[in-house]
Amino acid sequence: MKIAIIDSCDNSYVTEPDIEREVLATKADVELYHVRNTSELPAQVLGYDGLISWHLVPLRAPFLGSLRQCRGIVRAAVGFDNIDLQAARERGIVVANVPDYGTEEVADHSLAMALNLLRRLPQGHAVVASGSWDWREVGPLPRLSQLDIGLIGFGRIGMAVAARFKAFGCRVRFYDPYVSSGVEKALGVRRCESLTGLLQGSDLVSIHAPLTEETRHLIGSRELEMLKGKYLINTARGPIIDCAALADAVSDHLLAGVALDVFEDEQAAIPMLFLQRNEVLLSPHVAFYSQAALPELRRKAAQVLLSLLEQGHHRNAIH
């Protein structure tokens, strides 16, 4: 069999397909391609049996429709918004993801961002750097155990984040219309029946939803107005927040703090406004990463693809 790993020229994840070749061993030949888009791929890829996809290279309908014998595509991540699922189905290609690889890392990063905002660590550093040790200059600091934490999306990562905030004594609520009833009882959290209810009742909101047509710009001007004086964290997908609306909110000092590990367009320059404000904390789409998580992701992606190609199915298949 022939397998292609499709990674980006910019901010690539795989430099050498050693892990994938180890997993697939005698089962398949593996080739790595760094491209900006699928038009840069060599023609022979159209005849490959399977693909491992990384998120900066979109796999759209024209490309998927031209694949001659591809039977499986694995998105090396939790989210799969770079793949046209309908086009893949029409071609008879099974698409799967790796939903469990970096749960701890994303949850830990979300908590780290929250603690940085709530304890105003960047401001504290700036005070000391200025030569002062006057704690008053740091500004007001809330008590964590008195906060209501709202989670948008309550899958594996959302649940892991809830456990971490509960350890600090926070009250945790979530909004996720696709989670079955009873989860809130099992985990000791509160369910909100509407996004409005979650936003209005939370002191800090953290996003853990996938990017879909339903969640694109889920947080816009109206929702940001409900977060006046509150905190917002996004370690999920950038386009869930309307960037223009967020820029207006930051410009107006609407939010107490905002932390972003993802951005609506990560290949464009970050607006200077976000770099100049103390209440804004940024990180370079690194929440998924640890020295253990990336090899785990690559290994699991290869294992899932092998299962798709040999058995025709895997529990991670996206239906």
Side-chain angles (χ1 to χ4, degrees), residues 1-8 13 33 35-101 152-158 176-180 195 207-220 236-242 262-267 285 288 297 300-319:
M1 294 186 292
K2 293 281 190 180
I3 304 298
I5 302 171
I6 302 177
D7 199 359
S8 176
Y13 293 85
Y33 299 97
V35 296
R36 293 176 182 83
N37 54 67
T38 53
S39 66
E40 297 179 357
L41 289 167
Q44 62 260 32
V45 172
L46 301 180
Y48 279 24
D49 300 282
L51 308 175
I52 295 176
S53 164
W54 292 86
H55 89 283
L56 288 177
V57 182
L59 305 186
R60 301 306 182 205
F63 170 73
L64 295 172
S66 65
L67 296 175
R68 296 191 296 273
Q69 62 186 53
C70 181
R71 290 175 286 130
I73 299 174
V74 174
R75 170 70 171 89
V78 178
F80 42 85
D81 46 278
N82 70 312
I83 302 174
D84 188 326
L85 295 181
Q86 182 60 35
R89 292 190 190 102
E90 291 173 357
R91 198 64 176 175
I93 302 170
V94 181
V95 178
N97 65 344
V98 186
D100 61 331
Y101 77 96
I152 299 175
F154 206 61
R156 297 170 184 83
I157 294 172
D176 192 327
Y178 298 102
V179 170
S180 300
L195 178 61
I207 300 174
H208 304 286
L211 178 61
T212 65
E213 287 307 309
E214 184 180 6
T215 62
R216 186 178 297 274
H217 287 189
L218 184 69
I219 303 298
R237 284 289 183 265
I240 294 176
I241 300 177
D242 183 335
V262 291
F263 211 73
E264 187 158 11
D265 185 354
E266 293 173 13
Q267 296 178 305
H285 203 142
F288 79 97
L297 170 58
K300 286 185 173 180
Q303 291 169 340
V304 172
L305 183 57
L306 182 60
S307 177
L308 291 182
L309 297 181
E310 289 194 330
Q311 303 172 31
H313 64 84
H314 190 275
R315 62 179 175 274
N316 293 354
I318 300 160
H319 302 289

How about CZ on Arg60, more than 12 heavy atoms from neighbouring residues, nucleotides or ligands closer than 6.0 Å, or not? yes

Can you sort out the partners of Ser8 under side-chain hydrogen bond (donor to acceptor under 3.5 Å, both in side chains), two or more places apart, ordered by chain and number? none

Is any side-chain heavy atom of Leu59 less than 4.5 Å from a side-chain heavy atom of Ile73? yes

Minimum heavy-atom distance between Ala88 and Leu64, given as atom pair plus value: N-CD1, 4.0 Å

For residues Ser66 and Leu46, report the shortest heavy-atom separation together with the two atoms involved. OG-CD2, 3.3 Å

Let me check something: any side-chain donor-acceptor pairs from residues 76-85 under 3.5 Å, sequence neighbours excluded? List them with distances.
| from | atom 1 | to | atom 2 | distance (Å) |
| --- | --- | --- | --- | --- |
| Asp81 | OD1 | Arg237 | NE | 3.0 |
| Asn82 | OD1 | Arg75 | NE | 3.0 |
| Asn82 | ND2 | Ser53 | OG | 3.0 |
| Asn82 | ND2 | Val57 | O | 3.1 |
| Asp84 | OD1 | Gln86 | N | 3.3 |
| Asp84 | OD1 | Ala87 | N | 3.0 |

Salt bridge (charged side-chain N to carboxylate O under 4.0 Å, His left out) involving Glu90 - partner list, sequence neighbours excluded: none

Hey, mind stepping through Leu306 and Gln311 against side-chain contact (heavy atoms from CB on, under 4.5 Å) and telling me if it holds? CA-CA 8 Å; Leu306 182 60; Gln311 303 172 31; over 6 Å; no

Flag side-chain contact, heavy atom, 4.5 Å: Glu264 against Arg216: no

Which residues pass the side-chain hydrogen bond (donor to acceptor under 3.5 Å, both in side chains) test with Glu213, not counting sequence neighbours? none

Set of side chain to side chain contact (heavy atoms under 4.5 Å, CB included) partners for Arg91, sequence neighbours left out: Ile93

Answer whether the closest heavy-atom distance between the side chains of Tyr33 and Ile5 falls below 4.5 Å. no

Out of the candidates Leu56, Leu41, Asp7, only one should pair with Val35 under the side chain to side chain contact (heavy atoms under 4.5 Å, CB included) rule; please name it. Leu41

Please collect all salt bridge (Lys or Arg N to Asp or Glu O under 4.0 Å) contacts where either partner lies in residues 300-311, sequence neighbours excluded, each pair once. Lys27-Glu310, Asp100-Lys300, Glu296-Lys300

